[in-house]
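Remarks on the structure that follows.
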Amino acid sequence: MSDPLEKVSSNKSFEGELTKYKFKSAALGGLSANFNLFLPTNASPSNKVPVLVYLAGLTCTEDNGFVKGSFLGPASSQGIAILFPDTSPRGAGIQGEDVDWDFGTGAGFYLNATNPKFSAHYNMYTHIALELPTVIEAAGIPIDWKRQSIFGHSMGGHGALTMYLSSPQKQYRSASAFSPVSNPTKCPWGEKAFAGYLQGGVEEAKEKYDATELIAKNKEPVHILIDFGTADNFYKQNQLLPENFLKAARDANYDEFQVRVRSQEGYDHSYYFISTFASDHVHFHANFLKA
Ligand SMILES: N[C@@H](CCC(=O)N[C@@H](CS)C(=O)NCC(=O)O)C(=O)O
């Protein structure tokens, strides 16, 4: 069992309330975990609101998304909550976890580790899919967990797409991503992460943690929106591979109404890009969250 939530700070924003919480996380091996939650002003015990989960990228914390993403205004006007989890456990004390910026702290890759070195703490998949909804519900916060969607950036785009496509009970109604790591078993970031966190390495990852592999074998209807920038250096270095995801989706007979991948001319990997299309993504999810 995880401990109850402790409120760290609370600020009025866009008529709603942005609150930072911390708690002792069972999924992350008893470490203290932070998250931010934006609640629109219409949320109340008699009016539970839908929620969008935002997963950030490498080196980020639970703060990057709300500080630089420009999501809160559109979410407030649509009456949607946004949950901003962290990107990894912190302070696990595992040898080597703080050496590289693309592995370990700040780089949890939204999976459940099976390598015994990491498996007690690196369980961001369970933390986000199961633990956070449970502790937030237990605190009486008025969110309707039957109306969830998920989005993210870069490593967090990978997290959003894979959690959407692999969640057994169709936990999320829609998924979207900014510059996602779309085929991680074929790029350096993913290969490094899976070799470290998973006992079965890249082969194990193909089953559960690669969006391109997952869409290729998916049979259910989907609602997916992806944007990436043509001036994104990580795109140019083949870390993102959105074309692989698009091809797998079209080969699996998903048309542009179910899987839309948009190439945005001249945009880079930063939050200048994300904030430009933030409103688009919130409105995309609103179609499904408020249906
Ligand atoms: N630290 C890396 C870059 C890491 C990076 O670009 N992180 C992206 C996600 S993949 C990010 O969102 N950074 C934080 C920010 O822009 O607020 C480098 O020096 O090349």
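The figures that follow rest on heavy atoms only: side chains count, while hydrogens, waters and symmetry mates do not. One-based numbering, in listed order, for ligands and for the atoms of each.
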Quick one: ligand 1 N/O to protein N/O pairs below 3.5 Å?
unit_1: ligand 1; atom_1: 7 (N); unit_2: L58; atom_2: O; d: 3.0
unit_1: ligand 1; atom_1: 16 (O); unit_2: K68; atom_2: NZ; d: 3.4
unit_1: ligand 1; atom_1: 17 (O); unit_2: N64; atom_2: ND2; d: 2.9
unit_1: ligand 1; atom_1: 17 (O); unit_2: K68; atom_2: NZ; d: 2.8

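- Checking side-chain atoms of N123 against main-chain N and O of T126 turns up no donor-acceptor pair under 3.5 Å.
- No cation-pi contact links K20 to F84, judged by a cut-off of 6.0 Å to the six-membered ring centre and 45° from its axis.
- Partners of S263 under the side chain to side chain donor-acceptor pair (under 3.5 Å) rule, at least two apart in sequence or in another chain, do not exist in this structure.
- Using the six-membered ring where Trp is involved, H269 and H153 have ring planes that are tilted, between 30° and 60° apart.
- In this structure, Y54 and F71 have tilted ring planes: the angle between them lies in the 30° to 60° band.
- A salt bridge is defined here as a Lys NZ or Arg NE, NH1 or NH2 lying under 4.0 Å from an Asp or Glu carboxylate O, and R90 with D98 fails to meet this definition.
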